[in-house]
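Heads up, the thing below is written out as structure tokens.
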Amino acid sequence: MSDTPITYVRDTMLPQQAPPTSEVGPVRWARENLFSSPMNAILTILSLYIVYTVISHVGPWLINGIWDADSLSECREIIAAKGDGHHSAACFGVITARWHQLVFGYYPSELYWRPVLALLVFFVGIAPVLFPSLPRKLFIVSMVAPFLCFWLLWGGSIWLPISIALGFGVGVVAFKLLSVSVSSLVAIIGAILLPLIYWLYLSGPLAAGLASIVPLGIEFVPSRSFGGFMLSIVIGLSAIVISLPLGILLALGRQSDLFIIKTCAVVFIEVIRGVPLIVWLFTAQLLLNYFLPPGSNFDLTLRVIIMVTLFASAYIAEVVRGGLAALPKGQYEGGDSLGLNYWQSMQLIILPQALKISIPGIVNTFIGLFKDTTLVVFIGLFDPLGIASAIRATTEWNGIYWELFLFIGIMFFISCFSMGRYSLYLEKKLQREHR
Amino acid sequence: MVELTQERAVDRSQMQVSDEVAIEIRNMNKWYGTFHVLRDINLTVQRGERIVICGPSGSGKSTLIRCINRLEEHQAGDIIVDGTELSSDLKNIDKIRSEVGMCFQHFNLFPHLTILENCTLAPIWVRNTPKKEAEEIAMHFLEKVKIPDQAHKYPGMLSGGQQQRVAIARSLCMKPRIMLFDEPTSALDPEMIKEVLDTMIELAEEGMTMLCVTHEMGFAQAVANRVIFMDQGQIVEQNEPTEFFNNPQSERTQLFLSQIIGH
């Protein structure tokens with residue numbers, strides 16, 4: 001027992017003080033993370049040695065790479081002439097010599113401006129979606145952009161994209177009219193079915209009719225001319241842009257109280273998700289024409305885009321559903337209690353929050369989808385891998401592989417890494433804004 | 001419990017009850033699956049009435065007021081709010097919800113919108129009020145609940161008491177004729193309860209029709225003109241507050257009151 005009195009009153013509050021100097025700085029960090037124990041030190045040195053070995057072998061190969069050679073044999077002669085014989089060197093000449101082919105495939109070279117312009121249009125169209133600070137009026141550009149891109153890429157009569165765009169108008173009008181006059185369920189079904197019927201039976205003849213009256217158009221480029229990164233980007237970006245809204249609708253459908261809509265969404269998601277993408281691609285290549293009206297010759301690339309989109313949208317739907325499920329019930333009730341209707345509360349309250357939660361999952365799906373576009377090589381499309389095989393089959397470049405695949409890998413890495421970075425940027429931005 | 005009556009005189013001059021019926025509930029029953037949560041509820045609320053509903057947890061008091069704006073569906077009986085009968089017609093429901101304000105235990109503010117946006121959202125989208133006008137209305141009510149300086153912050157930056165006051169302001173922006181409160185102070189620290197109750201008392205003084213599920217008996221005594229005690233999904237007792245607290249009739253009410261006041 002001590003005699004210290006129990007009563008104690010603090011009269012001064014202690015100010016915050018800086019930590020001791022040994023607790024900060026790079027030395028502290030290295031000691032803590034790299035050399036905290038003998039075992040750790042050994043592992044650090046071993047790792048450094050491995051890193052050194054790899055760099056010392058790959059580094060010269062990369063740095064001494066030959067960029068101006070027109071064939072593998074020419075490249076090897078240059079290496080032999082200049083080198084000391086010990087070091088190998090990369091033949092990047094294949095990339096410079098076949099650059100256009102790797103990027104555009106077999107697209108007519110005098111028309112290269114069209115895909116480039118299409119990509120530009122795409123970025124202008126997507127900008128108001130990616131950066132909310134831009135003026136809202138730019139959304140008109142976003143609406144027109146897909147059809148303009150389509151027309152620029154494939155060319156042909158201008159009436160075809162216009163008549164296809166009209167189909168969306170049909171859907172919107174059908175939804176508005178039916179939701180006022182009948183019920184919202186009928187309106188949703190009508191808004192899906194009527195445009196489909198229009199596209200299948202009316203849009204083609206309409207475009208042909210208009211084209212015969214006012215022939216307006218640019219040179220048509222068939223799908224088999226598409227290739228290289230252009231093909232990957234066309235398939236990947238179309239699928240990304242279309243699958244997000246479709247996936248959101250499916251996720252909402254799966255949560256719906258309406259039995260028919262819920263069942264349709266669940267069946268669609270489970271069937272699409274349960275079958276490998278490559279099977280769907282073969283379906284697109286071989287079977288889809290059987291289901292379309294006779295005589296309609298549906299472009300293979302378009303069929304592939306549709307399949308990849310549907311496939312991605314099933315995954316997006318599940319990711320978004322996760323976000324929806326993570327929201328507290330109170331958010332739905334908060335919207336309900338203010339008298340907002342279903343679509344208003346989804347658009348204004350639920351989806352902004354659910355999508356924010358789902359950003360990592362959505363971007364993850366997009367990255368996977370973009371890489372999966374290389375699977376189209378199996379149905380005979382010339383994606384970068386297909387082009388690589390074609391290049392390796394020529395007499396000039398027979399026997400080259402490292403350089404090509406390294407290049408393709410780096411290109412994909414850059415695309416996917418930047419998507420990942422954008423998602424981090426978006427997450428941080430929303431985090432900052434809302435907390 | 002906060003003793004309000006000692007700190008602030010409640011002005012009862014505006015608190016007149018009119019003959020007009022605001023809410024009428026007739027023989028209402030509700031089940032959760034096979035569990036009978038609300039049993040034969042009959043309740044008429046006059047315009048201008050302030051009703052406090054209390055009772056042990058699980059007695060169905062929250063469910064009852066959530067039925068009034070159809071956050072919960074009742075299976076039998078009629079609920080008539082402001083002359084409109086609640087049915088499964090979505091348009092009717094949205095109309096009633098826009099006339100009936102509600103405050104929740106956990107506020108249910110929208111965390112991705114600023115305080116001001118929280119308040120203007122419904123007026124703009126449901127009432128088609130121009131944005132500028134909606135913002136003026138919102139600022140008016142934010143001033144009323146004494147937090148106009150927080151208008152451009154996000155809900156996550158505010159204290160619980162401030163958030164609940166924003167929630168009240170958000171409901172008021174729709175100019176509701178009836179306000180429902182579902183345990184508005186149960187998730188708050190004692191220090192913050194008073195500021196929310198003060199706001200609610202002010203509302204009462206202006207003659208708002210109010211239904212409050214709350215355990216704040218001081219509030220009940222100060223402003224309510226009727227206290228309803230519920231147990232096991234039924235209305236067990238209702239009376240004007242002084243009678244209710246000083247002379248409870250049913251044994252169940254006496255037990256409940258002794259438990260919440262006794263400590």
Side-chain angles (χ1 to χ4, degrees), chain A residues 132-133 135-136 175-176 178-188 252 256-259 261 320 323-324 326-359 426-435, chain B residues 62 65-66 68-73 88-114 117-128 152-158 163 166-167 170-176 179-182 187:
Chain A
S133 53
R136 302 286 86 188
F175 183 78
K176 289 238 163 108
L178 288 173
S179 63
V180 172
S181 59
V182 198
S183 77
S184 57
L185 177 62
V186 178
I188 293 169
L252 293 179
S256 170
D257 296 333
L258 302 168
F259 179 74
I261 288 178
V320 173
L324 290 172
L327 282 191
K329 202 169 151 235
Q331 290 295 309
Y332 293 86
E333 291 178 352
D336 285 348
S337 73
L338 288 171
L340 295 168
N341 67 32
Y342 176 80
W343 291 109
Q344 285 172 337
S345 65
M346 285 302 136
Q347 180 200 341
L348 301 166
I349 298 163
I350 305 303
L351 283 177
Q353 296 185 63
L355 290 180
K356 181 190 146 197
I357 300 172
S358 326
I359 288 171
L426 202 60
E427 262 176 81
K428 284 216 179 96
K429 182 169 155 275
L430 295 176
Q431 199 75 40
R432 206 171 41 237
E433 279 182 3
H434 299 163
R435 295 280 156 229
Chain B
S62 283
I65 71 164
R66 289 161 59 87
I68 293 172
N69 68 349
R70 194 72 168 198
L71 289 179
E72 305 279 354
E73 199 176 330
S88 53
D89 183 353
L90 284 175
K91 278 179 189 132
N92 254 349
I93 294 172
D94 283 340
K95 181 174 170 285
I96 287 173
R97 282 174 177 167
S98 65
E99 302 290 337
V100 179
M102 178 147 190
C103 290
F104 301 88
Q105 183 177 359
H106 296 289
F107 332 131
N108 298 352
L109 294 177
F110 309 130
H112 63 300
L113 301 175
T114 62
E117 286 166 340
N118 263 282
C119 294
T120 54
L121 187 81
I124 289 175
W125 291 85
V126 180
R127 294 246 193 275
N128 294 319
H152 295 284
K153 290 191 182 167
Y154 286 92
M157 303 166 173
L158 270 55
Q163 291 194 40
V166 171
R170 179 177 74 177
S171 302
L172 292 179
C173 284
M174 289 294 280
K175 309 262 172 74
M179 283 288 290
L180 308 174
F181 293 87
D182 187 2

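Numbers restart at 1 for each chain; the letters A, B, ... are given by sequence-line order, proteins then strands. Keep in mind the model is a prediction, meaning the values are calculated, not measured.
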Checking [X] side chain against [Y] main chain: does a donor-acceptor pair fall under 3.5 Å?
| X | Y | value |
| --- | --- | --- |
| B:H112 | A:I350 | no |
| A:Q344 | B:W125 | yes |
| B:N69 | A:S337 | no |

To check you understand the geometry: which heavy-atom pair defines the closest contact between B:V126 and A:L338, and what is its length?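 Result for this residue pair: CG2-O, 4.0 Å.
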
Please look at [X] and chain A and tell me whether the side chain, the backbone, both or neither of the residue comes under 4.5 angstrom of a heavy atom of that chain.
| X | answer |
| --- | --- |
| B:L109 | backbone |
| B:F110 | both |
| B:R170 | both |

Only pairs of heavy atoms separated by less than 4.5 Å count here; which of A:S345, A:G335, A:P328, A:G334 has the most with chain B?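 The option with the most such pairs is A:G334.
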
A:Q331 versus chain B, the contacting section by heavy-atom distance below 4.5 Å: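 It is both, since atoms from each part get that close.
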
What's the spacing between A:D336 CG and B:D94 CG if we round to 0.5 Å?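 Between atom CG of A:D336 and atom CG of B:D94 there are 8.0 Å.
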
